[in-house]
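Per chain, numbering begins at 1; letters A, B, ... match sequence-line order.
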Amino acid sequence: MAKIVVIGGSFGGLTAAFELKRLLGKKADVTLISDIDKFIFIPSLPWIAMGWRKAEDITVSLKPILERKGIIFIHEAAKGVDADLSKVKTETKEIQYDYLIISTGPYLAFDEVPGLGPEKGHTECIFTLEQAERANKAWNKFLEDPGTVVTGSVQGVSCFGPPYEYAFEIDSELRRRKMRHKVPIVFVTSEPYIGHFGIGGLRNSRWIMENEFAKRDIKIIVNTAVEEIVPGEVRLKDGTKIPFKLSMFAPAMKGIPAVSHLGNPRGFIPVDGKYRYTKYKNIFVVGVAVAIAPPEQTPVPTGVPKTGYMTVKMAKTAAMTIVSDITGIAYPEENPIDVVCLMDMGNTAAIMKANPVLPPRQEATLKSGVIYKWMKTGFEKYFLWKIKHGLSGLP
Amino acid sequence: MAKIVVIGGSFGGLTAAFELKRLLGKKADVTLISDIDKFIFIPSLPWIAMGWRKAEDITVSLKPILERKGIIFIHEAAKGVDADLSKVKTETKEIQYDYLIISTGPYLAFDEVPGLGPEKGHTECIFTLEQAERANKAWNKFLEDPGTVVTGSVQGVSCFGPPYEYAFEIDSELRRRKMRHKVPIVFVTSEPYIGHFGIGGLRNSRWIMENEFAKRDIKIIVNTAVEEIVPGEVRLKDGTKIPFKLSMFAPAMKGIPAVSHLGNPRGFIPVDGKYRYTKYKNIFVVGVAVAIAPPEQTPVPTGVPKTGYMTVKMAKTAAMTIVSDITGIAYPEENPIDVVCLMDMGNTAAIMKANPVLPPRQEATLKSGVIYKWMKTGFEKYFLWKIKHGLSGLP
Amino acid sequence: MAKIVVIGGSFGGLTAAFELKRLLGKKADVTLISDIDKFIFIPSLPWIAMGWRKAEDITVSLKPILERKGIIFIHEAAKGVDADLSKVKTETKEIQYDYLIISTGPYLAFDEVPGLGPEKGHTECIFTLEQAERANKAWNKFLEDPGTVVTGSVQGVSCFGPPYEYAFEIDSELRRRKMRHKVPIVFVTSEPYIGHFGIGGLRNSRWIMENEFAKRDIKIIVNTAVEEIVPGEVRLKDGTKIPFKLSMFAPAMKGIPAVSHLGNPRGFIPVDGKYRYTKYKNIFVVGVAVAIAPPEQTPVPTGVPKTGYMTVKMAKTAAMTIVSDITGIAYPEENPIDVVCLMDMGNTAAIMKANPVLPPRQEATLKSGVIYKWMKTGFEKYFLWKIKHGLSGLP
């Protein structure tokens, strides 16, 4: 009986654990380690920040679901991986594995920009539930005494979507409240142009997004790095100072400390086309932890985003590869990963499809319309329902 | 009985005088001073230049209208204001006032660019009736021997609309006459980009206007200052020389000499939210004479336009404030001023709405279509009818 | 009986010969000299390169057609023109003329860029039938082992259309074959911007083409000159190196050696409004051989394209002028030349109309749609049918 350990309880970890258990049944002993005992539908975190969702609307307790499926759940943080001895360490345990799936998500590198982030710094963030709830409090306070909002992405960011959504949502909510004229919104990004998204743009995303920002009267500052953030002021490397009443910035990401020694200098881990770690045959890596080379060098450094959709796809391939290893059935095909992404725009939304993710692409779509807003809401409900029923995500 | 003096017989002065007389009746003695004895519908002056209107189509004699309403009309130029003694001087009179409304329009600063303007210079202008009629003669002569047209706005301009209209109208009229291919049209402006309009742009006005100029094959030179104009040639500060057969340029504006000592170095007068002069409680200022800070510093200096629509709104607030002072009724609300503007484009037209005028804005609209051309014509007739009947403008 | 000699058997030469014979009949002795014994419908050469046409689909033998019309056909290359003695020399003959029409097309100046061209260089071309057939072989080989495609126009090019068509067709064909994601496409051009076409753009052609390239994920490098081409690599003057698996570049054009001594340093011959050579009254020049000044100096040198449509128009005017000389009937009107052009875009097509060709223009159109693809195919068949029946082209 194979011992399989999965680190991470979000898109990648749950998908992998469900798939492995579904296909291997009694042939495998599947253990999932996570420091958070809930699944959080991360794409909805901006809506928490806006007050459009409560925590309970977008979270599911992991324990009952995993146990019902016969998956062992260890609610502890992974502290380290010993690849030579095939062991994962947590605070209180050492767990032996035959196969390991690393789906640990990001370490948020607030420390790379002085004054960045909600804990030691002066900006909000919406990448964890706690941050989003904190951002919602800041937002409610801001509404009583509005002023300039500065939002965007600092140098080295790979996950560009949430600040876009945040800017559009702020704009829409303020118009709804008839307060938009009291709030200059400034969007600062390390992307070489609006609509680059870390993937070299998507069809005419530059045009569409520049037009959208113009229409919404959101000022853009592109191709820029942030020097530091002091209370109430963003200071760019080029000397520009932008005072603010409210600020939300995406930080750069790194691999989390427990696994970063396996990877490149930023702690992202190199894999082959089946998400198998290039150095150890029994370790697989999916999601943010994977090293993906950017499609082009940008003047200010940027990275390639790894969305939930991509992570689920990776997790399925990794799980299926382990199943093939163990059972001898055919290996899954190696396809360059594609992506479908729904970007909220407050009063509307956009759908993006890219196949593969990075150019040149066989297919690429970018369309906006209120129908995609409904689709986004529908998908949130659908995905949470799937997780609650122990089914791996995506149709 | 309060003595109220209004200087200016155009949008602001007439609106204020009509409102004051309508609301105060016998409680006030309203005097209107103007060096011109006609109301001229200034927005139609480009059509005079094109030969699409005659002077009589867009002018109304002031005397009979004002007298019928019981407003005293002094057809003389104001020569000075003594704010300490509350007196206005004209050529032959000294008029004491309890309240003064300054609605004097602009002094056209042709002297700031050598060779600019129709009198001492070599370019046409369409900001006064005389200029527009002169420009029409130049146009008719040009049609017999066509060549390059250079039009636009020099440094320091705040009223950017008329050169846009002129360029579009020239283009349309030449196509109608099957002569467009004989006339290169060059549009030169101090705006940082086409569609800036001195108000930092309006939604995607940059895109729409750049596209429109491209479609019409009108060459654009933006972000530029004019060094001098010699007969048949515009010389830019960067050394570019553009020969022309016909040229129309908007000049910068200043406060008129009679009141400029009350204002900033350019003679524009600072006011509070009710258009009350910040230094003297019994003086109000509306329209071009008001000092409005630009929303952003542009590389080449530009100013904020003050349209007829804005002036009427200001005049109503100023008049209502005086009424409140005198009668004790509630003061009018202070709202940041909005604007609605219809820009003629020759064969079509565009409507622009901005609320407030300067960004950030709660609402902003920019649409073009032939329906707005009809709307513009309709509004011209409607407004002139209102003035003829002694009603203050706008619904 | 007037002896008229026409050099060239393509759009210009055939049109002129047919027109002269039709109108003058027995009054003229018309001789056509061409080194190629077929009419080739040049606009379809990109389709040869793509494998969408075979040579026999787009060629017509000249001899039977010309002889049936009573036109003498000399299948030899013109070696020289002695304008003083009114003689054309070929390999074996000296032919006396009363009137000469030069419609010789271009000399392709591959030698101006080291490594350019299919014979002595490392890039394909699609300007002759042989080149297009060679390019088709290279394309078929490429499909077995795809990689980067670099295509475009080097400095000095005047005929920009075919590389646009080639880039769009490559993109469309690769999508059809589900291989697009394996092929980065880079478009390199000396035009100051995409959509300039050597004619200063056409309405909003810049916007439309930039958008189209973005949508198709074709990378653009504009305003650039090529330093040299080595096997598998394009080297730009600015130091950029672009490796490729397949490359197709348009070369600059010059007048062909046999007539270039009559023209400017590039061998293009100056003419009056009737295409009569400015130095000799009995010589006419049409098509690529004509000198046309560019509408504006571009940072990297570019020329004005002369399309088949334009050449046919020129040839008709030149022929009619000779007819007037001989018969005394009224001379044809001199109109600045217009152009209609159908650009293939692989899965769709665009129609462009410009009247006149160079700005400012009375009329300009740019529309795309699949209907123009059908129109382009229909026109190919129609024109070939006309040539086969000895009728001069265009309705």
**OP:** Would you mind checking which part of A:Ile185 comes under 4.5 Å of any heavy atom in chain B, side chain (CB onward), backbone (N, CA, C, O), both or neither?
**Re:** neither
Original post:
Between B:Pro360 and A:Pro184, what is the shortest heavy-atom contact and its length?
Top reply: CG-N, 3.5 Å
Between chain B and chain A, are any donor-acceptor pairs under 3.5 Å, and how far apart is each one to 0.1 Å?
| residue | atom | partner | partner atom | Å |
| --- | --- | --- | --- | --- |
| B:Asn204 | ND2 | A:Asn211 | OD1 | 3.0 |
| B:Arg361 | N | A:Asp217 | OD2 | 3.4 |
| B:Arg361 | O | A:Arg175 | NH1 | 3.3 |
| B:Gln362 | O | A:Arg175 | NH1 | 2.7 |
| B:Gln362 | OE1 | A:Met179 | N | 3.2 |
| B:Gln362 | OE1 | A:Arg180 | N | 2.8 |
| B:Gln362 | NE2 | A:Arg175 | O | 2.8 |

Subject >> More than 12 heavy atoms from other groups under 6.0 Å of CD1 on A:Ile371 >> reply: no
**OP:** Taking side-chain contact (heavy atoms from CB on, under 4.5 Å) as the test, write out the residues that go with B:Pro294, two or more places apart.
**Re:** B:Val304
**OP:** Please collect all ring pair (Phe, Tyr, Trp, His ring centres under 6.0 Å) contacts where either partner lies in residues 215-250 of chain A, sequence neighbours excluded, each pair once.
**Re:** none
